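Structure first, then comments.
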Amino acid sequence: MSSTNPTLTYEVTLGDSTRLARIVRTDRSDDGISRYRVELLDAEGAVDRTIDLDTIQPEPGVLNLMYGGRSVEAGLVPFEDGIDVDIRGLSHELAVVDPRRKALRTGGGAAGGSIKTQMPGRVVRVLVAEGDVVAKGTPLVVVEAMKMENEIKSPRDGTISRVAINAGDLVEARAVLVELV
Amino acid sequence: MRMASKRRAIRKVLIANRGEIAVRVIRACHEMGLATVAVYSEADRRSLHVRMAMEAICIGPAPSAESYLRADRILEVARDTGADAIHPGYGFLSENAGFAREVLAAGLVWIGPPADAIDAMGSKTESRARMAAAGVPVVPGTKAALESLEEARDVALSVGYPIMLKAAAGGGGKGMRRVFTAEELPSAFAAARSEAISSFGDDAVYIEKLILEPRHVEVQVLADAHGTVVHLFERDCSIQRRNQKVVEETPCPVLSPETREAMAQVACRAAEAVDYEGAGTVEFLYGADGSFYFLEMNTRLQVEHPITEMVTGVDLVKAQLRVAMGEPLWFAQEDLKQTGHAIELRIYAEDPTRNWAPSPGPVPGYREPGGPWVRVDSAMYAGAEVPVHYDPMVAKLVVWGSDRADAIERSDRALREYRVRGIHTTIPFFRAILRDPDFLAGDYSTAYLDADRMERLCRDMGDPDPTSAALAALVHTYERDLAQQARPDQTGRDSNRWKWSYR
């Protein structure tokens with residue numbers, strides 16, 4: 001059965017860095033161990049590093065990975081356009097997309113100019129309006145959660161092209177607050 | 001002499017709280033064979049205290065003001081369920097003297113101190129005056145506004161430098177000046193006054209002795225209805241962030257046996273002065289020079305009570321219940337010993353890597369640490385959700401060790417085992433504290449978590465592991481896509497787009 005598994009190519013983005021990777025499942029045993037071969041590609045598309053991976057899913061949302069003699073436990077929380085991977089309590093927010101499907105995606109992502117809230121909560125104050133010119137660090141919106149107010153600041157210089165929320169709104173994690181161009 | 005109170009029978013306890021403290025109280029009740037009634041808001045239907053209690057009643061919508069603070073609803077539930085006592089936990093209605101009186105007026109037992117004691121300790125100025133009258137040391141100074149620079153000079157001299165000038169109408173650091181010598185006083189006095197008038201419209205300032213690098217040390221007391229007051233030693237709660245305690249330990253690593261005894265005696269005197277009953281905590285500022293001053297008394301069970309339980313072997317919640325039933329304390333002061341060392345780490349649903357942003361949400365996976373002398377007080381479980389409406393503290397990791405070094409090693413080991421999925425927590429931040437040389441030396445004050453150290457500790461939380469994260473994300477995405485490919489009929493996420501793009 002392993003020979004019938006397709007090899008898929010993905011574009012993996014973590015922070016500012018994006019690279020291509022190929023993955024194929026090479027084996028799945030009856031006791032729930034899945035093995036994969038992952039090839040990390042360099043900018044020219046040549047294989048930079050090959051990793052043979054041995055994994056189990058000990059509980060929902062958790063992957064135990066073994067490679068290169070290491071055992072790593074990863075907690076996974078997928079969200080709309082990415083996945084949050086927790087390793088030893090540190091979070092890694094990644095986007096994994098099929099490059100062929102990328103053209104279908106309607107903007108979005110980190111570069112799309114959407115300022116999002118990391119946490120669900122209630123919008124207490126909206127400090128900017130459409131057309132406002134803002135500098136990096138300008139407070140845009142105040143969101144309250146767990147009795148604490150958090151200021152969401154502009155990540156860069158720009159102009160507010162859209163305000164997506166009103167004071168008093170309840171917002172989910174990663175909801176778009178304002179659009180910045 | 002107080003009259004010995006009548007025995008008050010308790011068969012069913014209503015717990016007017018939520019989360020880990022409700023769970024803690026339910027456990028004590030069940031061990032004592034008492035029935036339990038939980039109350040909960042609409043946001044807490046899935047909370048562990050609701051699952052554990054024998055009865056549970058919804059008291060209103062998510063906001064605390066419409067549920068956990070609704071004294072009228074809670075009393076109604078007590079009447080309807082036939083509860084004969086109310087335990088308020090901490091926070092919410094626990095230090096509300098009016099509520100305590102209503103509970104008693106309804107013919108129920110209040111598992112807490114007398115309402116008059118709550119009142120007496122509730123006001124900072126009143127409690128300070130009462131404590132000073134009872135011979136309890138308070139921070140020297142004057143609450144009265146200073147008339148002139150000459151008066152300020154006299155007061156500063158009698159209090160002794162360094163001193164702090166404070167705006168009478170103040171708060172938030174405005175109108176405050178630290179003054180170390182008499183030469184600095186005139187300009188500091190003028191500056192504090194002008195800042196006070198521009199910030200608060202009132203130029204009244206007063207003087208308090210400045211306690212340099214104070215530690216926050218508190219003493220646990222227990223008093224029964226028959227006039228017996230004992231202390232259960234101290235807790236050092238100096239490590240705070242935004243006035244929130246984050247790490248507590250007992251014993252305090254720098255207290256001499258003489259000071260400990262003196263502080264404990266003063267704490268008992270403070271409790272006696274207000275005819276205290278039940279469990280309470282007397283907080284002190286402890287100066288680097290060994291002086292200590294009364295700060296306030298918390299007239300309830302403290303969040304950090306478990307570390308005291310770990311070193312004394314006394315179940316403080318059961319003690320509260322038995323005192324409320326009118327029983328005398330079943331041990332004397334000389335029976336109490338501090339054995340070993342205990343540390344509490346408060347696990348908050350906050351993301352230390354993103355400027356401590358609150359991190360509520362579903363927790364699909366959860367595994368508590370175990371092994372010898374590790375205790376977790378929490379209401380968390382795999383499948384639970386941390387609501388946005390309440391305090392971000394989700395668990396307390398409490399660890400006992402034969403000595404401080406042993407307790408620190410064990411705490412770090414327990415943190416390594418702790419898994420909370422779906423939300424971010426302060427767990428990696430605590431591991432950085434447990435490696436910090438100043439913490440290891442016990443050398444810290446309430447200023448410990450200043451901006452510099454926060455930055456250093458956040459850097460020291462461990463290195464990200466981008467390769468492993470990418471591998472995990474790849475495996476997850478690959479399996480998801482394969483599953484969608486294999487079942488084209490099912491309307492899984494993105495399945496239409498998937499088919500289209502692969503045609």
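Within every chain, numbering begins at 1; the chains are lettered A, B, ... in the order of the sequence lines, protein sequences first and strands thereafter. Atom set for the values below is all heavy atoms of this structure, side chains included, hydrogens, waters and symmetry mates excluded. All of these numbers come straight from a predicted model, not from anything done at the bench.
Side-chain N/O atoms of A:Tyr67 and B:Ser468 include a donor and acceptor closer than 3.5 Å. For A:Glu59 and B:Tyr366, the side-chain atoms include no donor-acceptor pair closer than 3.5 Å.
With a threshold of 4.5 angstrom between heavy atoms, B:Ala382 does not approach chain A through any atom at all. In this structure, the portions of A:Val96 lying under 4.5 Å from any heavy atom of chain B include both its backbone and its side chain. Contacts between A:Leu65 and chain B at a heavy-atom distance below 4.5 Å involve the side chain alone, from C-beta outward. Neither the backbone nor the side chain of B:Pro352 comes within less than 4.5 Å of any heavy atom of chain A. For B:Ile427, no part lies near chain A; criterion is any non-hydrogen pair under 4.5 Å. The part of B:Tyr390 that comes within reach of chain A is its backbone (N, CA, C, O), which places non-hydrogen atoms under 4.5 angstrom from that chain. Looking at A:Arg122, neither its backbone nor its side chain comes within 4.5 Å of chain B, counting heavy atoms on both sides. Only the backbone of B:Ser359 comes within contact range of chain A, with at least one heavy atom under 4.5 Å from a heavy atom of that chain. Within the 4.5 angstrom heavy-atom criterion, no atom of B:Thr426 approaches chain A. Neither the backbone nor the side chain of A:Arg19 comes within contact range of chain B; no heavy atom of the residue lies under 4.5 Å from a heavy atom of that chain. Only the side chain of A:Ile51 comes within contact range of chain B, judged by heavy atoms closer than 4.5 Å. In this structure, the portions of A:Asp86 lying under 4.5 Å from any heavy atom of chain B include both its backbone and its side chain.
Counting heavy-atom pairs under 4.5 Å between each of A:Asn150, A:Thr117, A:Ile23, A:Leu14 and chain B puts A:Ile23 at the top. In terms of non-hydrogen atom pairs under 4.5 Å with chain B, the most contact-rich of A:Val12, A:Val77, A:Ile87 is A:Ile87. Ranked by heavy-atom pairs shorter than 4.5 Å toward chain B, the options A:Ala173, A:Pro120, A:Gly121 are led by A:Pro120.
Considering CG of B:Leu474 and OG1 of A:Thr9, their distance stands at 10.0 Å, rounded to 0.5 Å. To the nearest 0.5 Å, atoms CD (B:Glu479) and OG (A:Ser34) are separated by 5.5 Å. Between atom CE of residue A:Met119 and atom CD1 of residue B:Ile423 there is a gap of 14.0 Å, rounded to the nearest 0.5 Å.
Annotation for B:Asp450: atom CG counts as buried by contact number, over 12 foreign heavy atoms lying within 6.0 Å. Around atom CZ of B:Arg241, more than 12 heavy atoms belonging to other residues, nucleotides or ligands sit under 6.0 Å away.
A:Arg88 and B:Asp463 are not joined by a salt bridge, as no carboxylate oxygen comes within less than 4.0 angstrom of a charged side-chain nitrogen.
Remark: side-chain polar atoms of A:His92 are paired, donor with acceptor, to backbone N or O of B:Asp465 under 3.5 angstrom.
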